[in-house]
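Report on the following structure.
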Amino acid sequence: MTTVLVLTALAIFVTMALALVRALKGPSVFDRIVAVNVIGTKTVLIVALITAISGNDDLIDVALVYALINFIAIVAVLKLSRMRDLAASGEGDITDG
Amino acid sequence: MVETMLTAVSGVFLLAGGLFGIMGGIGPLRFPDFYTRLHAAGITDTLCAFLIIVGLVIQAGLALVSIKLMLILVFMVFTAPTASHALARAGMAAGDDPGTLEGEPAPVAPLDSSGEPSSNS
Amino acid sequence: MRYLFSLAVVLSLLWLGMSGVYKPLMYILGAGSVVFVVWMSRRMDVVGVEHNPVLYSWRLPIYWLWLLWEIVKSNIEVSRAALWPGKLVRPRVLKVPMSLGSAVGKVTYANSITLTPGTVTLLLEDDHLEVHALLESSAASLESGDMEAKIAWLENHK
């Protein structure tokens, strides 16, 4: 069973490497954010798999919190790239409406 | 007997999840523009995450870990479309043209055609 | 009041599922955090708007199973397109008319469309959606209006 878990983890690492290539190539800033979003989702799955491989159940809380932080981080980065200021609001704000 | 079958099923789920994950990695590399790459990234958010987490839940059985794994899945299912939509909207707001409206299929652009968005928006 | 009570029940279940340490002190701390969060939610005036009773209908699990099947199908399509992008990728923007009445129905529709790979909602208006579709097949399944019919069915349960 551990073999299957490790194989799955390896597949996820390959995915992260491919997403990293896209993040480096760009060309626009949003392509990079898409790639970072993919890497974040994969990180949650990797942590969940490591929990199963190591048998240390406490690690699952890390995955749970990372799943939430990842979403907040993506929206914050998008807002930062759009408004140049996290506290700004007004015309063209993506977090509004 | 049941044990063996559950192990086999969860193994199939995990490996299929990994396979879909790699597809979701290849997609953003090969698709022509930003909006199409968004679709490919959606594979990793939905089916890949679902298969891997369900595989792990089958292995863990009835335990506290299973509840937390299901919670991770619920969070992902609720946040993934919001993040995708925010990305698409941010792309549109920056003036990246998503293609033709209600018309002919947009021509598939060559790989590196979309330039940097204007930074003073 | 009903909404506050249901929020408290959901939060207590969440706390019980996450804690794993069942001792009297922990119960007191958990109850304290539940009360604090409910009080904060009331102060922020966020309770009630998103807690629509339709969300607790017995039809919801059936809808989720149907949506899961749609997601599986479109995932396979998009994975095939990832391997042969030149042959299959036909991106375009569609305008999808929508006759759903309630705000929750509209948001459910838009979110379900985005959750299905191959289609992303760009704009949500009162009577239509603008959707970016990746493949011929994803555009066709959207234009058939199956998903809207399902959500109308989901909402009509009272």
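We use all heavy atoms of the structure for the numbers below, so side chains are in, but hydrogens, waters and symmetry mates are not. Note that this is a predicted model, so its numbers are computed, not measured.
For the pair A/Leu68 and B/Thr79, the minimum side-chain heavy-atom distance is 4.5 Å or more. Counting only heavy atoms from C-beta outward, the side chains of A/Leu5 and B/Gln59 approach each other to under 4.5 Å. Contact of the A/Leu45 side chain with the B/Ile53 side chain is registered, since non-hydrogen atoms from C-beta on lie closer than 4.5 Å. Between A/Asp57 and B/Leu64 the shortest side-chain heavy-atom distance does not fall below 4.5 Å.
Of the residues considered (A/Ala9, A/Ala35, A/Ala11), A/Ala11 shows the highest number of contacts with chain B, using heavy-atom pairs under 4.5 Å. Chain B forms the most heavy-atom pairs under 4.5 Å with one residue out of A/Leu10, A/Leu20, A/Val38, A/Ile60, and that residue is A/Ile60. Ranked by heavy-atom pairs under 4.5 Å with chain B, the first of A/Asp61, A/Ile74, A/Thr3, A/Leu64 is A/Leu64.
The number of heavy-atom neighbours closer than 6.0 Å to CZ of A/Phe71, taken from other residues, nucleotides and ligands shown, is above 12. Taking a 6.0 Å sphere around CG of B/Leu62, one finds it holds 12 or fewer heavy atoms contributed by other residues, nucleotides or ligands.
Once rounded to the nearest 0.5 Å, the distance linking CE of B/Met76 with CG of A/Asn70 reads 7.5 Å. Note that the CE atom of A/Met16 and the CD1 atom of B/Ile22 stand 13.5 Å from one another [nearest 0.5 Å]. Of the inter-residue distances, the one linking B/Arg37 atom CZ with A/Asp31 atom CG reads 4.0 Å to the nearest 0.5 angstrom.
Nearest heavy atom pair, residue B/Leu56 against residue A/Ala52, reads CD2-CB, 3.5 Å. When all heavy atoms of A/Leu78 and B/Ala90 are compared, the closest pair comes out as CD2-CB, 3.7 Å.
Contact annotation for B/Leu71: both backbone and side-chain heavy atoms come within less than 4.5 Å of a heavy atom of chain A. Only the side chain of B/Ile52 comes within less than 4.5 Å of a heavy atom in chain A; its backbone stays farther off. Looking at B/Ile26, both its backbone and its side chain come within 4.5 Å of chain A, counting heavy atoms on both sides.
Between the A/Thr15 side chain and the B/Gly21 main chain, a donor and an acceptor come within less than 3.5 Å of each other.
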